[in-house]
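As the structure lists them, so they are numbered: ligands from 1, and atoms in each ligand from 1.
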Amino acid sequence: MVNDLVIRNQFIINNHLSTINYNTMKVLANDGLTQSGIDALKENGFEVITDKVPQENLITYINENQITVLLVRSATKVTKEMIDNCPSLEIIGRGGVGMDNIEVAYAREKGKHVINTPAASSESVAELVFAHLFSGSRFLQDSNRQMPVKGNTEFAKLKKAYEKGVELRGKTIGIVGIGRIGQEVARIALGLGMKVIASDTKIGKASVRVDFYNQQYINVEIETEPLEQLIQHSDFITLHVPAQNGPIIGKAELDKMKTGAAIVNCARGGVIDEEALIEALDSGKLAFAGLDVFEKEPTPSEKILTHPKISLTPHTGAATEEAQDRIGTELANQIASILLVK
Ligand SMILES: O=C(O)[C@H](O)COP(=O)(O)O
């Protein structure tokens, strides 16, 4: 049976791309794309460009090269000006979750498709939360800085300085935002034997499935509670909310936390007031903080970068091979389903 699919300017006949292949659609992956994503796009007949075009040259580049799809992560900004001045652009794709670097509503209003991959990186972000929790609770961020410098001469002093580590098991973790990533955090926390509490402005209750190696699992229901209550009851707080207009954790909230508690932010910079956080760490109110995102990126303040009680990562929550592979193939599939019309 002849199976004719019209792919815009190309044709598939009997499931083979015809040689009539004029005007191949171009995808510019400006913040990079995994090989699996590139391969999947190429298999569908797209040309993939992975040049890093500087922000100020993007409009010209997109027009000169007649780019149909622009893929970004968090570095490239997709502005109203770009949307207005790049008529060839049909899809703006965010490889990741947060779309705060894209004028989403405006782009959609102007008829552009805006896509992202909301589920692809949840596990990786959740695991990074625990990397920060384990780091902070056993002083890894400071011992990694101090030992190469002072190790030989002051080993015993350092050992003494780090003797008040704490276990995570049995402690209460407060998850602010129990969406996909928050639920992954809950799953790991339950496996570690932690008590999980959550707060969310939209979700009333989450059901989290914890899998065991022998194919057994349990479902755990997590009820949400007001943020103020969560703040007072948590030993560790982790934030999983989108970008906000102002901090949701400022001085007032930090003051209400348990003395010796800790906080992790792998969500968005600005969600915690950094100045208030430093005060809380310096006064001993908080034991430590783990930060993957910052008020100022890519150059966080010196105070944040050098603080002995802050475990740092440079916005790498989604930066695992597995997450980026899922992101690449999911984007390729979404692009194909939008542009390749049967
Ligand atoms: O929103 C996201 O998906 C994360 O912040 C990851 O951002 P990145 O793609 O720039 O690493």
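- A donor-acceptor distance shorter than 3.5 angstrom exists from the side chain of E295 to the backbone of E274, with no hydrogens or angles considered.
- With S283 contributing its side chain and A280 its backbone, the two residues share a donor-acceptor pair below 3.5 Å.
- Within 6.0 Å of NZ in K157 there are 12 or fewer heavy atoms belonging to other residues, nucleotides or ligands.
- When only modelled atom types and interatomic distance are considered, N30 and Y61 share no side-chain donor-acceptor pair under 3.5 Å.
- Near G98, meaning under 4.0 Å from any of its heavy atoms, are these atoms of ligand 1: 1 (O), 2 (C), 3 (O).
- Ionic pairing of D31 and K52 is present here: one or more N-O contacts between side-chain nitrogen and carboxylate oxygen are shorter than 4.0 angstrom.
- In this structure, atom 11 (O) of ligand 1 lies nearest to the protein heavy atom R73 NH2, 2.8 Å.
- Interface of G96 with ligand 1, defined as ligand atoms under 4.0 Å from a residue heavy atom, comprises 3 (O).
- Residue S74 has at least one heavy-atom neighbour below 4.0 Å for each of these atoms of ligand 1: 7 (O), 8 (P), 10 (O).
- Of the charged side-chain nitrogens involved, none lies within less than 4.0 Å of a carboxylate oxygen, so that E90 and K112 do not count as a salt-bridged pair.
- Heavy atoms from other residues, nucleotides or ligands lying under 6.0 Å from CG of N245 number 12 at most.
- Atom numbering of ligand 1 starts at 1 in the shown order; those under 4.0 Å from a heavy atom of R268 are 1 (O), 2 (C), 5 (O).
- Heavy-atom separations between G95 and ligand 1 include at least one value shorter than 4.0 Å.
- From the protein, the heavy atom lying nearest to atom 2 (C) of ligand 1 is R94 NH2, 3.1 Å.
- Among protein heavy atoms, atom 3 (O) of ligand 1 sits closest to V97 N, 2.7 Å.
- Close approach of ligand 1 to H315 is summarised as follows: ligand atoms under 4.0 Å from at least one heavy atom of the residue are 4 (C), 5 (O), 6 (C), 7 (O), 11 (O).
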